[in-house]
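Below: one structure, written as structure tokens.
In what follows, every chain begins at residue 1, and chains take the letters A, B, ... in the order their sequences are listed.
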Amino acid sequence: MEAYLLTNVIISNIGEYEGQEVTLRGWVYNKRSSGKIQFILIRDGTGIIQGVVFKGDVTPETFALADSLTQESSIVATGKVREDKRAPGGYELSIGDLQLVHRALDYPIAPKEHGVDFLMSHRHLWLRSSQQHAILRVRAEIINACRDYLDERGFTLIDAPILTPAACEGTTTLFETDYFGDKAYLSQSGQLYMEAAAMAFGRVYCFGPTFRAEKSKTRRHLMEFWMIEPEMAFADLDEDMRVQEEFVSYVVQRVLSKRQQELEMLQRDTTRLKKVEPPFPRISYDEAIAILRKNGVEIEWGGDFGAPDETILAEQFEKPVFVHRYPTQSKAFYMKPDPERPEVALCADLLAPEGYGEIIGGGQRMDDLEMLEKKIVEHNLPKEAYEWYLDLRRYGSVPHAGFGMGIERTVAWICGLDHVRETIPFARMLYRIYP
RNA sequence: UCCCCGAUAGCUCAACGGUAGAGCGGGCGGCUGUUAACCGCUAGGUUGUAGGUUCGAAUCCUGCUCGGGGAGCCA
């Protein structure tokens with residue numbers, strides 16, 4: 001077999017080779033035959049093209065091979081690229097020569113409807129289907145867009161550790177692991193480390209997996225998910241929200257312009273996505289409570305919002321909406337209380353439209369040493385573990401703010417999916433860690 | 001942890017107290033333009049599991065296991 005070269009022809013730009021003879025390497029996506037003619041849908045990861053084998057055009061051996069091909073068998077096909085309106089994709093390959101690389105027997109995923117359990121158990125093969133391809137390409141585009149936006153604005157990528165000595169927020173359950181006889185935990189947020197990095201680099205972000213050992217079993221939860229967490233020195237809550245709305249708008253518009261084909265494949269109605277541009281509406285927690293009560297929700301001041309509450313709030317607006325200044329008591333220890341009203345914190349959540357819920361949580365951080373020490377005691381956190389964090393308030397403390405955006409929820413929203421499990425290549429869910 | 005729903009052929013489902021079926025996928029055959037192609041034939045089942053009720057259970061009841069949706073918590 002000839003050497004695999006990266007310069008080889010790929011299906012996504014097959015149009016450039018019209019009229020030429022090319023060699024494609026890929027897998028059989030599906031096959032239809034009509035006696036003396038075989039239609040082989042070939043996919044190579046970049047796209048799908050229909051290959052046509054006429055009995056009269058090839059050797060009897062080649063035709064017999066084409067006839068015997070099974071779904072997902074790997075092949076090398078050589079032939080002429082031809083424009084043809086009847087073909088899906090607009091181009092066809094008139095196959096003259098065909099080689100079998102490997103014959104796949106009894107590929108489990110048939111071209112038909114399947115159940116969630118079956119597909120998730122065959123995730124390693126499900127990734128080959130067109131829809132999953134489209135979703136993961138949108139995910140890749142979102143991640144690229146996030147990084148481009150931040151990189152172009154003076155942010156430095158400073159990744160946070162995944163193995164950590166203690167809870168960042170000390171509230172949710174952590175995955176515990178043995179660290180040579182000591183306990184270590186899988187990170188649930190890189191934020192505290194980003195605060196240290198922001199004092200060193202000004203504007204920073206991290207992008208990596210985070211882990212929550214909560215026994216959440218909903219369409220919005222994964223045990224392992226990816227979060228992008230920017231942090232900015234000399235920034236307050238207002239600036240934080242301005243960056244967020246610009247950031248989210250940039251990401252959405254970028255996907256709309258570069259991944260239109262994928263959104264079409266997913267049958268995503270993009271009319272509401274097109275409206276995602278700054279500024280986003282801002283409502284206070286107090287206003288949110290009033291809206292909920294007006295909609296018949298019985299809710300006390302001080303509590304957090306549930307998923308149905310978030311949907312009601314988001315439905316009031318066309319664009320994503322900020323809910324700011326939540327009660328300090330319900331928020332993490334590092335949130336800075338509003339100096340004009342200490343019972344609320346200078347924080348904001350961004351709720352996506354169409355019922356997708358919270359995609360960003362963020363806010364201004366506590367920059368005063370004494371108040372932070374007090375909060376750590378109030379939250380029953382071990383002060384020794386946070387000495388390094390307190391140092392940031394001892395040596396040149398400044399107002400600073402940041403946020404964390406969940407990639408999977410953002411992908412689900414932009415793709416219009418009803419569950420986050422398809423937005424990550426291999427979802428880690430409650431009671432499901434295979435494959 | 002709690003609430004609701006489900007488990008029948010490889011897959012998606014039907015049969016709802018009286019002999020377990022269909023479509024897709026597999027195998028064999030037919031067809032020179034198919035679009036999840038079509039047509040014919042064929043193989044494929046201890047109905048998740050353990051009990052119970054009944055002359056008789058896939059079907060009704062109970063436990064268990066596994067899965068799905070949701071709550072809480074969060075991104």
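With salt bridges taken as basic N to acidic carboxylate O contacts below 4.0 Å, one links A:Arg153 and A:Glu246. The existence of a salt bridge linking A:Asp236 and A:Arg242 is excluded, since no basic side-chain nitrogen approaches an acidic carboxylate oxygen closer than 4.0 Å. Using a 4.0 Å cut-off between charged side-chain N and carboxylate O, A:Arg259 and A:Glu264 make no salt bridge.
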Would you tabulate the pairs of protein nitrogen or oxygen atoms and nucleotide nitrogen or oxygen atoms of nucleotides 1-8 of chain B closer than 3.5 angstrom?
{"residue": "B:U1", "atom": "OP1", "partner": "A:Lys215", "partner atom": "NZ", "Å": "3.3"}
{"residue": "B:U1", "atom": "O4", "partner": "A:Lys215", "partner atom": "O", "Å": "3.1"}

Look for any protein N or O under 3.5 Å of an N or O in nucleotides 41-43 of chain B and output each such pair with its distance, or none.
none

Both distances under 3.5 Å, Watson-Crick or G-U wobble: on that basis, could you give the dot-bracket string for RNA chain B, with [ ] for crossing pairs and | for other-strand partners? (((((((..((((....[..)))).(((((.......))))).....(((((..]....))))))))))))....
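Note on A:Arg82: a base of the nucleic acid sits closer than 4.0 angstrom, heavy atoms only.
The salt bridge (charged side-chain N to carboxylate O under 4.0 Å, His left out) analysis of residues 14-23 of chain A, with sequence neighbours excluded, yields no pairs. Within the structure, every pair that satisfies the side-chain hydrogen bond (donor to acceptor under 3.5 Å, both in side chains) test and touches residues 300-313 of chain A, not counting sequence neighbours, is listed here: A:Asp286-A:Trp301.
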May I have the step-by-step check of salt bridge (charged side-chain N to carboxylate O under 4.0 Å, His left out) for A:Arg432 and A:Asp117, ending in yes or no? CA-CA 10 Å; A:Arg432 186 187 283 281; A:Asp117 183 35; 2.5 Å; yes
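Contact between the side-chain N/O atoms of A:His419 and the OP1/OP2 oxygens of B:G68 is not found at any separation under 4.0 Å. Using a 4.0 Å cut-off, no side-chain N or O of A:Arg409 falls inside it from OP1 or OP2 of B:C74. For the pair A:Arg220 and B:G72, the criterion of a side-chain N or O lying under 4.0 Å from OP1 or OP2 is not met.
Listed by chain and residue number, nothing satisfies the ring-ring contact (aromatic ring centres under 6.0 Å, His included) test with A:His221 (two or more places apart in sequence, or in another chain). Contacts of A:Phe175 classified as ring-ring contact (aromatic ring centres under 6.0 Å, His included), with partners at least two apart in sequence or in another chain: none. Taking the ring-ring contact (aromatic ring centres under 6.0 Å, His included) definition, one finds that A:Trp226 meets it with A:Phe207, sequence neighbours left out. In terms of the ring-ring contact (aromatic ring centres under 6.0 Å, His included) criterion, residue partners of A:Tyr149 (sequence neighbours excluded) are, by chain and number, A:Phe247, A:Tyr250.
Of the possible donor and acceptor atoms, one in the side chain of A:Thr46 sits under 3.5 Å from a partner among the backbone N and O of A:Ile11. Remark: the backbone N or O of A:Met429 is not paired with any side-chain donor or acceptor of A:Arg421 at under 3.5 angstrom.
Positionally, the nearest nucleotide of RNA chain B for A:Ile37 lies more toward the 5' end than for the other of A:Lys331 and A:Ile37.
In terms of polar N and O atoms assigned as donor or acceptor, the side chain of A:His114 never comes within less than 3.5 Å of the base of B:C11 in a complementary pairing.
Aromatic ring centres of A:Phe426 and A:Tyr434: separated by at least 6.0 Å. A ring-centre distance under 6.0 Å is found for A:Phe305 and A:Tyr285.
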Counting primed atoms plus P, OP1 and OP2 as sugar-phosphate and everything else as base, spell out the protein contacts along nucleotides 23-31 of chain B at 4.0 Å heavy-atom distance: B, S or - for each nucleotide, 5' to 3'. BBSS----B
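Less than 4.0 Å separates RNA chain B from at least one heavy atom of each of the following residues of residues 49-65 of chain A: A:Gln50, A:Phe54.
Annotation: B:A22 and B:G45 have their P atoms spaced 14 Å apart (nearest Å). Nucleotides B:A14 and B:A75 have their C1' atoms positioned 42 Å apart, rounded to a whole Å.
A donor-acceptor contact closer than 3.5 angstrom links the side chains of A:Glu195 and A:Tyr389.
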Let me check something: any side-chain donor-acceptor pairs from residues 316-323 of chain A under 3.5 Å, sequence neighbours excluded? List them with distances.
{"residue": "A:Gln316", "atom": "NE2", "partner": "A:Ile312", "partner atom": "O", "Å": "2.9"}
{"residue": "A:Glu318", "atom": "OE2", "partner": "A:Lys275", "partner atom": "NZ", "Å": "3.1"}
{"residue": "A:Lys319", "atom": "NZ", "partner": "A:Glu277", "partner atom": "O", "Å": "2.9"}
{"residue": "A:Lys319", "atom": "NZ", "partner": "A:Pro279", "partner atom": "O", "Å": "3.1"}

